[in-house]
Amino acid sequence: MARELPIGVLISGSGTNLQAIIDAIEAKRLDAVIRVVISNREDAFGLVRAKKHNLPTEVLDHKKFPSREAYDQALVDILRRRQVELVILAGFMRLLSPVLVGAYSNRIMNIHPALLPSFPGLHVQKKAVEHGVRFSGCTVHFVNEGCDEGPIIIQAVVPVFPDDTEESLAARILQEEHRIYPRAVQLYSEGRLRVAGRVVQVEGLAKDDSQVLTNPPLKG
Ligand code: GRF
């Protein structure tokens, strides 16, 4: 049996990406075990999802800490106590300080609903629609001290249509998030990711150069 990678998932809200990871583990597509789900908000629906699957949960309210560093140290303490090897940010709406990034260097992943380095930050689906880009998508990356800046692991591309709204684009992107996040974690679990500067090498990948997309299409 493959080794199960011990992960900790940090959330603030709905937790659909957490759900996708739980589902991938249960379907045996992901060799990982969720050691803890931590939320900075006690009303995060992701906590309900975690409890339904009998996963350990903790609520760590950032408002009860004097500084970002103190909060992050408390996170590190929980993650270490639970022997977490890889930290998964799944809609965790907080910037990380060097206390957490340094403790888990190249061992924290985040998912962002745009094709980084385009559209970092917040409300990026709205920004993509307003900008008139023809494609957007999502990115799983390792977390460094910058905002949405770390080495890119996997991306998925979706088309943007003229009648898209922020909501319709967000829904299209979210579907792909649920496919690529478990895959990124599985690549890590298999030991296939090597970080060299800002580039992540993925071992043993089949190259497919037939996947060129145009939008609008060349014909029609
Ligand atoms: C996703 O759009 C993700 O890209 C962003 O926050 C959202 C989290 O959604 N980082 P959920 O809580 O996983 O449903």
Side-chain angles (χ1 to χ4, degrees), residues 7-27 29-30 32 34 36-53 55 57-62 75 86-96 100-101 104 108-131 133 135-160 164-186 188:
I7 63 176
V9 185
L10 273 51
I11 61 168
S12 299
S14 148
T16 65
N17 278 288
L18 165 67
Q19 188 69 53
I21 288 168
I22 294 172
D23 293 347
I25 291 172
E26 291 185 351
R29 278 182 285 118
L30 176 52
I34 299 178
V36 65
V37 174
I38 308 174
S39 174
N40 65 318
R41 298 177 52 122
E42 66 178 358
D43 60 351
F45 185 69
L47 290 170
V48 176
R49 297 179 190 274
K51 285 178 187 146
K52 198 170 158 205
H53 292 265
L55 297 171
T57 60
E58 304 232 14
V59 176
L60 205 57
D61 182 352
H62 57 277
L75 283 176
L86 180 70
V87 180
I88 305 296
L89 307 183
F92 185 60
M93 300 305 286
R94 290 189 51 81
L95 293 174
L96 307 190
L100 180 49
V101 177
Y104 278 87
I108 305 174
M109 285 185 189
N110 182 43
I111 189 150
H112 181 76
L115 292 175
L116 292 172
S118 290
F119 303 115
L122 293 174
H123 312 298
V124 296
Q125 300 95 334
K126 182 167 187 278
K127 287 176 189 163
V129 168
E130 286 173 359
H131 195 95
V133 292
F135 291 102
S136 187
C138 42
T139 304
V140 179
H141 63 94
F142 284 117
V143 174
N144 64 14
E145 280 162 27
C147 173
D148 300 324
E149 258 186 13
I152 291 169
I153 300 164
I154 184 169
Q155 295 185 304
V157 176
V158 304
V160 183
D164 263 322
T165 60
E166 175 183 3
E167 291 73 24
S168 64
L169 179 60
R172 192 173 305 125
I173 292 172
L174 194 60
Q175 256 188 340
E176 299 311 312
E177 293 185 31
H178 299 159
R179 286 151 48 100
I180 66 170
Y181 216 173
R183 172 71 172 151
V185 180
Q186 177 61 12
Y188 185 100

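Remember, predicted model here, so these are calculated numbers, not experimental data. We're numbering straight along the sequence, starting at 1. In each ligand, atom 1 is the first atom listed, and ligand 1 is the first ligand listed.
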Residue Ile111 vicinity, atoms of ligand 1 by number, heavy atom under 4.0 Å: 3 (C), 4 (O), 5 (C), 10 (N)

Provide, to 0.1 Å, the distance between atom 14 (O) of ligand 1 and the closest protein heavy atom, together with that atom's residue and name. Thr16 OG1, 2.5 Å

Does His112 use its side chain to pair, donor to acceptor, with the backbone of Phe119 at less than 3.5 Å? yes

Nearest candidate to atom 12 (O) of ligand 1, where distance is taken over non-hydrogen atoms, out of Gly91, Gly13, Gly15: Gly15

Interatomic spacing from OH in Tyr181 to OG1 in Thr139 - rounded to 0.5 Å: 11.5 Å

Is any N or O atom of Asn17, backbone or side chain, closer than 3.5 Å to an N or O atom of ligand 1? yes

Can you tell whether the side chains of Arg179 and Glu176 come within less than 4.0 Å, N to carboxylate O? yes

Atom pair CD1 (Ile34) and CD1 (Ile21), whose distance is rounded to the nearest 0.5 Å: 6.5 Å

Enumerated ligand 1 atoms positioned under 4.0 Å from heavy atoms of Glu177: 1 (C), 2 (O), 3 (C), 4 (O)

Heavy-atom count check: over 12 atoms from other residues, nucleotides or ligands less than 6.0 Å from Glu167 CD? yes

